[in-house]
Every structure is written in C-alpha cells, then in structure tokens.
Amino acid sequence: MSIFDYFRDRKKPTTTASMAKERLQIIVAHERGQRTQPDYLPQLQQEIIDVISKYVKIDREQVHVALENQDDCSILELNITLPERP
C-alpha cells in the first residue's frame, strides 16, 4: 500500500445491482404514495364526467380529479376545462 492510496476515493464504484435496487426503492415509494387515494376515486371521476357530459360537451382529457387530506378533512378538487360559448 502506497501513501497515494490514502488520497484516492475509497468508495466502491456503483454497481448495476445497487443502482437497480435504488431505482426499485424509488418506484416502490412512488407506488405507496399513490395508494393513499381511495379505491372509489376513479369510479367517482368517471361518474362526474358522465353527469357533466349530459349537459356540456367536454374533452375527457381536460378533467382532473384530486383528493387531498388535510388534518381531519378530505378535499375533493375537480378541474374541468369547459368549451367557450359561441
């Protein structure tokens, strides 16, 4: 062992396996974060779109539904881009 070995980076180069493990941990954490939404939310969104579509022609891609939990209160946020009136 030479004196220069003390000044070199002692960290091992990142292996493919460790990089894959880190990426998998990020994906799992992301999936867990999405599980906080109730199971009925997609169905609720579809039903809201169906009801609004009876009265106004809307682009289904322009409808966004989100559910937030703040303290002991749940907030349902609905954003719809409505077409302009002629």
**Request:** Check whether Ile75 and Leu78 end up in the same hydrophobic cluster, where Ile, Leu, Val, Met, Phe, Trp and Tyr are linked by side-chain heavy atoms less than 4.5 Å apart.
**Result:** no
**Separation between CD of Gln46 and CD1 of Ile48, rounded to the nearest 0.5 Å** = 10.0 Å
**Prompt:** Do Thr81 and Asp59 come close enough that some side-chain heavy atom pair is under 4.5 Å?
**Reply:** no
**Fill in**
To the nearest 0.5 Å, atom CD1 of Ile80 lies from atom CD1 of Ile58 at 5.0 Å
**Request:** Determine whether Leu76 and Leu44 make a side-chain contact, defined as any pair of heavy atoms from C-beta on separated by less than 4.5 Å.
**Result:** yes
**Message:** Just so I know, are the side chains of Arg60 and Gln45 near enough to count as touching, which here means a heavy-atom distance under 4.5 Å?
**Reply:** no
